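Here the structure is laid out as structure tokens; the discussion comes afterwards.
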2 protein chains.
Amino acid sequence: MSPATPRYIEIARALQKRIESGELLPGDQLPTEHELAGEWNVSPNTAKQAMKELRRSGRVETLPHRGSFVSKESTPFVITLNDVDLDEDLPGRPGGGEGRAFVDEAERQGLRATSSLPRVSIAQATDAQKSALRLRGEPRPQIVRRTQQRFIDGKPNSLQHSYFALELALTAQALLAENEIAEGSVAYLRKHGHVQVGYEDGFDARPPTAEEMEFFGLPRDSLAVIEHSRTAFDQNGEPFRLTVTVYKPGANRIRFFAGDVPDGARNPAS
Amino acid sequence: MSPATPRYIEIARALQKRIESGELLPGDQLPTEHELAGEWNVSPNTAKQAMKELRRSGRVETLPHRGSFVSKESTPFVITLNDVDLDEDLPGRPGGGEGRAFVDEAERQGLRATSSLPRVSIAQATDAQKSALRLRGEPRPQIVRRTQQRFIDGKPNSLQHSYFALELALTAQALLAENEIAEGSVAYLRKHGHVQVGYEDGFDARPPTAEEMEFFGLPRDSLAVIEHSRTAFDQNGEPFRLTVTVYKPGANRIRFFAGDVPDGARNPAS
DNA sequence: GAGTGGTCTAGACCACCGG
DNA sequence: CGGTGGTCTAGACCACTCG
């Protein structure tokens, strides 16, 4: 707070203007930190701090030991979160849960979606997981986690974790296998007594975990990730599945529709 | 990258463990940066960097010139985004659009919601606004912005901007007045020929603007904010309103319901 | 006035990258 | 190899808050 606005903010803003004005185009290399320090007559650390500020805004990406570059704006992958993932037999609600909807949506947009085989692990439920799945009894009940990495055109897109009560997985044992469930998890779980009749969605933003930074290739001081949680309810009104999907911001548009939205509006071209 | 993990990350992790273990409770003051530098035998700058890392995670808040403290976990305000904001006359869809739903939801949770009078301004539409409202013609059409600050129990909760084509506001002139629209904007706009029959929602996360940092009281290196955009469509399938609501992450839970979700699940107590 | 964090300097060493 | 960014040092001054 030496002057009203610190020097490193000034530098960041000046570079940002050069980007917005089109003088620096997506993909172009920014001045190196050394050059910046010289041009602005500041210490290297102050120049570095300016770069950090630009990285946080998402407009600039730094490849360590190579340089900083103007981010390329990517056409975001549009994820439409309703009319999918409910039981296929419900009238007017297509979609096959878990992985299917993702692949379908991508194909509709002419993109190729792939996902890794699920990794399955058993862990102690966090408070949030416990309350979402209404697990009672033990303070730290065990929970099954199925994790899949999802890619669009080969690039990391999202990380999806599905959580089930261990109890449920003991009867529906395909949940424990590190394989896709061929018929879809919604259909599979229906056979085991849980008809998925509805869900609750929640959103939050938080800093990425180490795993997420590696998967998405995020620098240490990057944007937050977006977390979408979906709790699925069965015919008895009991939650039986919690799916948490983590997205890199900017690369996706997450959409919901309600009421009568014209088909035209549903085109990703919008 | 001197060793595998930098010193400042080690320090941050050590403090985080002391918080998670309960040794440091919400509201407690953390060691000062000066103390940290001494305890860990590092330079002041490295201690500062560790604190920055903790701030980014949201578990620590720094009050400049006073100290750093363990964040108090606040019971989040739950925002339920469906079954509201559609035309009140549509069967099974209560709710009164714009401000009403916010106040109603808060009352249901026993909280007091207030909002500032709208500030109205006319600006040039950004590309995103232009495409959401399907504005054609001029490259930079003018657009009306109505902004309200919203508070829960007196504390800043969210910042809501509604955008309309200038053309629309010239016939529906209440949109230009810096007053609440008594009957609700949905009812008001219906009288002017736009029956709101559906909407499209989108989510993203991004770093806060200067205005948002000030309103929410965010430090410069804080989490991202969550942005919820809702485009409302009229009986002709044309978009006529874009509402963008900005939330501070962690302080809110944004929810959607689909299908048959039991009433029990809709209690904020979950 | 003492303590605190925000900003800044002018260097340093290292690891990684490209040619 | 030279250039780059990541980390770090050991100081400095300032503005703000508190008692």
Side-chain angles (χ1 to χ4, degrees), chain A residues 1-15 24 27-57 59-71 208 210 213-214 217-222, chain B residues 1-15 24 27-57 59-71 208 210 213-214 217-222:
Chain A
M1 305 182 182
S2 328
T5 70
R7 208 89 170 93
Y8 73 94
I9 296 281
E10 274 183 50
I11 301 174
R13 279 213 265 260
L15 285 173
L24 289 166
D28 284 0
Q29 180 167 7
L30 296 171
T32 70
E33 297 178 355
H34 183 75
E35 285 167 352
L36 271 188
E39 290 170 20
W40 288 80
N41 199 26
V42 296
S43 89
N45 264 337
T46 304
K48 280 180 213 288
Q49 213 173 344
M51 277 300 189
K52 260 193 185 172
E53 196 63 21
L54 288 172
R55 271 197 292 276
R56 276 195 354 111
S57 82
R59 258 176 277 252
V60 166
E61 282 168 34
T62 296
L63 304 177
H65 315 297
R66 280 206 275 157
S68 294
F69 303 85
V70 181
S71 299
M213 290 196 308
E214 196 196 350
L218 298 173
R220 254 206 255 280
D221 31 30
S222 65
Chain B
M1 305 182 182
S2 329
T5 72
R7 207 89 171 92
Y8 73 94
I9 296 281
E10 274 183 51
I11 301 174
R13 279 214 264 260
L15 285 173
L24 289 167
D28 284 0
Q29 180 167 7
L30 295 171
T32 69
E33 296 178 355
H34 183 74
E35 286 168 350
L36 271 189
E39 290 170 20
W40 287 79
N41 199 27
V42 295
S43 89
N45 264 337
T46 304
K48 279 181 213 291
Q49 213 173 346
M51 277 300 189
K52 259 194 186 170
E53 196 63 21
L54 288 172
R55 272 197 292 275
R56 277 197 350 115
S57 82
R59 257 178 278 252
V60 166
E61 281 167 33
T62 295
L63 304 177
H65 313 299
R66 280 206 274 159
S68 294
F69 303 85
V70 181
S71 299
M213 289 196 308
E214 197 196 349
L218 298 173
R220 252 205 258 279
D221 32 30
S222 65

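Side chains included, hydrogens not; waters and symmetry mates left out as well; all remaining heavy atoms used. Chain A is the first sequence line, chain B the second, and so forth, proteins listed ahead of strands; every chain is numbered from 1. None of the values given here were measured: they were computed from a predicted structure.
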For B:Lys52, give me all partners under side-chain hydrogen bond (donor to acceptor under 3.5 Å, both in side chains), at least two apart in sequence or on another chain.
none

Side chain of B:Asn45 (C-beta onward), nearest among D:dC8, C:dT9, C:dG11:
C:dT9

Can you tell me which nucleotide in D:dG5, D:dT9, C:dG5 comes closest to the side chain of B:Ser43?
D:dT9

If you assign each of B:Met51 and A:Ile9 to its closest nucleotide in DNA chain C, which residue comes earlier from the 5' end?
B:Met51

How does DNA chain C look in dot-bracket notation if pairs are Watson-Crick or G-U with both distances under 3.5 Å, crossing ones as [ ], other-strand ones as |?
||||||||||||||||.|.

Any idea which of C:dT7, D:dC8, D:dG5 is nearest the B:Lys48 side chain?
C:dT7

Looking at D:dT9, I'd like to know if its phosphate oxygens (OP1 or OP2) sit under 4.0 Å from a side-chain N or O belonging to B:Thr46.
yes

Between NE2 of B:His34 and P of D:dC13 the distance, given in whole Å, is 16 Å

Phosphate contact (C:dT7 OP1 or OP2) by A:Tyr8 side-chain N/O below 4.0 Å
yes

With heavy-atom distances below 4.5 Å as the criterion, would you say the side chains of A:Leu15 and A:Pro31 are in contact?
yes

Residues which pass side-chain hydrogen bond (donor to acceptor under 3.5 Å, both in side chains) with A:Arg55, listed by chain and number, not counting sequence neighbours:
A:Thr62, A:Asp221

Over all heavy atoms of both residues, which pair between A:Arg7 and A:Val42 is shortest? Give the atoms and the distance, please.
CG-CG1, 3.7 Å

Supply the atom-to-atom distance B:Glu33 CD to B:Asn45 CG, rounded to the nearest 0.5 angstrom.
9.0 Å

Does any non-hydrogen side-chain atom of B:Arg13 lie less than 4.5 Å from one of B:Ile9?
yes

Tabulate atom names and distances for all N/O pairs under 3.5 angstrom spanning the protein and nucleotides 17-19 of chain C.
none

Suppose we screen for side-chain contact (heavy atoms from CB on, under 4.5 Å). Which residues come up paired with A:Arg56, at least two apart in sequence or across chains?
A:Glu53

Residues that A:Glu61 engages under side-chain hydrogen bond (donor to acceptor under 3.5 Å, both in side chains), provided they are two or more places apart
A:Ser71

Rounded to whole Å, the CZ-C1' distance (A:Phe69 to D:dG3) equals 12 Å

